[in-house]
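Quick notes on the structure that follows.
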Protein chains: 2
Amino acid sequence: MIKRLAPSVPASLDETDRALLAALAEDARQPVAELARAVGLSAPSTAERIRRLEAQGVIERFTVQIDPRALGFTLQAIVRVKPLPGQLHLVEEVIRRIPEFVECDKVTGDDCFICRLYLHSIEQLDEILSKVTERAETSTAIVKSTPVARRLPPLG
Amino acid sequence: MIKRLAPSVPASLDETDRALLAALAEDARQPVAELARAVGLSAPSTAERIRRLEAQGVIERFTVQIDPRALGFTLQAIVRVKPLPGQLHLVEEVIRRIPEFVECDKVTGDDCFICRLYLHSIEQLDEILSKVTERAETSTAIVKSTPVARRLPPLG
DNA sequence: GCTGAAAGGGTGATTGC
DNA sequence: GCAATCACCCTTTCAGC
């Protein structure tokens, strides 16, 4: 396992690093030789850069992207959650414990949390939200389509 | 490259598949032999399952998770966007073209789009939103913390 | 589905430029 | 930073069970 620096250490990335990250994001399993060709370096140099990007914490992990629909999650909802007075921490804990909440951000403004839910059915939405509505007001939006799927931020 | 089926083909996954996906999500680079140990199968069988999961489209891709802070994106915002009459498609196109919008869902309800922005500074927020506000009303929330970072949906 | 073995390829380290 | 080499490990594929 590679020793990582603190995550917020400012990394100075050149054009090659950015190209490398883009290529890795697309296919993290391609051979180093192929990556090297893509970024215009030799294989050893490329391998070295990948190690460095990992050590710097720029690359957090190598992972697989899983299609939620293939797992039966045919529905996505985005829910804004505004805890009732005194319920903030408890609401956060409840959300954390319900695995269908696949993402949750605490934000400024009236709605304290904005969360993403993966669901098998619309009935399940009701079932899950009922665990929250005793302690918070919720506002639900069903995802109809995704014009921009999670993508890389600009690397340039 | 592996031939993939349509993404929405219902995959019937057993416990072993789910364990395998969880292990891969955590570290997609670990040797098949290690994965095999984790799920209690032999290496060849495990490799075969991974191939099948790819062919079924359950695994969409092998990728790297990149820390946006390491790229200098110290700020995240979630913006609800409600296009003015007749501006829906144009707004969608504008969002698509601005790379700082790293995610955008079209949803039911009054706010047509819910988007995530990666930003270098608060000034940049203003700059980017100004490209949208001619054609839509926006409502912005700044991310203060992330109680639940993008995680796997329940595999059970 | 398993084991065992063989073949091929990629990786990682080293050396020298 | 590059190129070349070498040893090692991993993967893949094939038998046979």
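Chain identifiers are assigned alphabetically (A, B, ...) following the order of the sequence lines, protein sequences preceding nucleic acid strands; residue numbering begins at 1 within each chain. Any value given below was found using the heavy atoms of this structure, including those in side chains, with hydrogens, waters and symmetry copies removed.
Taking B:Glu48 as the reference, B:Arg51 meet the salt bridge (Lys or Arg N to Asp or Glu O under 4.0 Å) condition, with sequence neighbours excluded. Here A:Glu15 pairs with A:Arg18 under the salt bridge (Lys or Arg N to Asp or Glu O under 4.0 Å) rule; sequence neighbours left out. A search for salt bridge (Lys or Arg N to Asp or Glu O under 4.0 Å) contacts involving B:Glu103 returns A:Arg116, A:Arg150, B:Arg116, B:Arg150, not counting sequence neighbours.
Atom CG of A:Leu35 is separated from atom C1' of C:dG12 by 16 Å (rounded to the nearest Å). Summarising the geometry, the separation between CD on B:Glu48 and C1' on D:dC14 is reported as 14 Å, rounded to the nearest angstrom. In this structure, A:Asp27 places its CG atom 13 Å from P of C:dG10, rounding to the nearest Å. Regarding A:Arg52, its CZ atom lies at a distance of 18 Å from the C1' atom of C:dG12, rounded to whole Å. Look at CD1 on B:Ile50: it is 16 Å from C1' on C:dG1, rounded to the nearest Å. What separates CZ of A:Phe62 from C1' of C:dT11 is a distance of 13 Å, to the nearest Å.
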Validation: residues 82-90 of chain B side-chain donor-acceptor distances under 3.5 Å, sequence neighbours left out:
unit_1: B:Lys82; atom_1: NZ; unit_2: B:Asp110; atom_2: OD2; d: 3.2
unit_1: B:Gln87; atom_1: OE1; unit_2: B:Arg135; atom_2: NH1; d: 3.1

Heavy-atom contacts, protein to nucleotides 6-13 of chain D, under 4.0 Å, summarised as B (base), S (sugar-phosphate only) or - (none) per nt, yield ----SSSB
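Screening residues 138-147 of chain B for side chain to side chain donor-acceptor pair (under 3.5 Å), with sequence neighbours left out, gives A:Asp105-B:Thr146, B:Arg80-B:Ser139.
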Is there a side chain to side chain contact (heavy atoms under 4.5 Å, CB included) between A:Val148 and B:Val102? Walk through the geometry before answering. CA-CA 7 Å; A:Val148 179; B:Val102 295; 6.0 Å; no
